Amino acid sequence: MIQQTLSIIKPDAVQRDVCGEILKRIEAGGLKIKALKMLELSKKQAQGFYAVHQDKPFFDSLTDFMSSGPIVVSVLEGEDAVRVYRDIMGATNPAEASPGTIRKEFGLDIEKNSVHGSDSSENASTEIAYFFHALEMVDR
Ligand code: IDP
Ligand code: MG
């Protein structure tokens, strides 16, 4: 099934100038970029995005990190895009991610793991709406 998913290149990766390398892997993986922009989240906006994790011990540190610098958000589309992008990203903890995945290659630790990808089609819709207006998405 053709799906959309939300990708975020996190502050640790933007700061190290590896956005191009990461987008290259996304495109090489067969995912189409439908929308793309760079922005910086406030602490409150990061808390809103990660609200599902608000009771986790790492929530405060995670939202500090996600609001610490620019991020690059994009909408990706393709067959099984949610699973395909999670495969391209690799496991949450870079130390456990498979060779060749983005998190293995670029992730610094379990928090600063370079990329976010939605975990379901339903959550993708909510996450895409958090960042993008319909008019910011192209038909292609
Ligand atoms: P995911 O990004 O692979 O879907 P989630 O469990 O949804 O992983 O966690 C969201 C984000 O929170 C992770 O990508 C990572 O940045 C951070 N995170 C997850 N687990 C930990 C942890 O144990 N310590 C610190 N940060 C964590
Ligand atoms: Mg998640």
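Quick caveat: nothing in here was measured; it's all calculated off a predicted structure. Start at 1 and go down the list; that is how both ligands and their atoms are numbered. Just so it is clear, the values below take in all heavy atoms, side chains as well, and ignore hydrogens, waters and symmetry mates.
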Review point. Has Lys37 got its NZ or CZ under 6.0 Å from the middle of the six-membered ring of Phe132, at an angle within 45 degrees of the ring axis?
Key: yes

Point to revise | Those atoms of ligand 1 less than 4.0 Å from some heavy atom in Arg86 | key: 1 (P), 3 (O), 4 (O)

Practice item. Apply the side chain to side chain donor-acceptor pair (under 3.5 Å) test between Asp60 and each candidate in Gln54, Gln47, Lys43; give the one that qualifies. Key: Lys43

**Study point:** atom 15 (C) of ligand 1: nearest protein contact (heavy atom, Å)
**Key:** Ile110 O, 3.2 Å

Point to revise | Closest approach of any protein heavy atom to atom 11 (C) of ligand 1, naming residue and atom | key: Leu62 CD2, 4.0 Å

Practice item. Answer yes or no for Asn113: is there a heavy-atom contact with ligand 1 below 4.0 Å? Key: yes

Review point. Has the side chain of Glu79 got a donor or acceptor atom that lies under 3.5 Å from a matching backbone atom of Met1?
Key: yes

Check your understanding: What residue and heavy atom of the protein are closest to atom 7 (O) of ligand 1, and at what distance?
Key -> His53 NE2, 3.0 Å

Review point. Backbone or side chain, does any N or O of Arg103 fall under 3.5 Å from an N or O of ligand 1?
Key: yes

Point to revise | Non-hydrogen side-chain atoms of Glu77 and Gln3 separated by less than 4.5 Å | key: no

Review point. Looking only at protein heavy atoms, which one is nearest to atom 16 (O) of ligand 1, and how far off is it?
Key: Glu111 O, 2.8 Å

Review point. Which atoms of ligand 1 are found less than 4.0 Å from any heavy atom of Lys10?
Key: 13 (C), 14 (O), 15 (C), 16 (O)

Exercise for review: For ligand 1, find out whether one of its N or O atoms is nearer than 3.5 Å to an N or O atom of Lys112.
Suggested key: no

Review point. Okay, side chain of Lys34, backbone of Val138: is any donor-acceptor separation there less than 3.5 Å?
Key: yes

Check your understanding: Any sub-3.5 Å donor-acceptor pair from Tyr50's side-chain atoms to Met66's backbone N or O?
Key -> no

Review point. Within the distance-only criterion (no hydrogens, no angle test), does the side chain of Glu136 pair as donor or acceptor with the backbone N or O of His133 below 3.5 angstrom?
Key: yes

Study note, to complete from the structure: atom 18 (N) of ligand 1 has as its nearest protein heavy atom Phe58 CE1, 3.6 Å

Review point. Would you find a donor on one side and an acceptor on the other, under 3.5 Å apart, between the side chain of Thr101 and the backbone of Ala97?
Key: no

Exercise for review: Around atom 3 (O) of ligand 1, find the nearest protein heavy atom and jot down its residue, atom name and distance.
Suggested key: Thr92 OG1, 2.5 Å

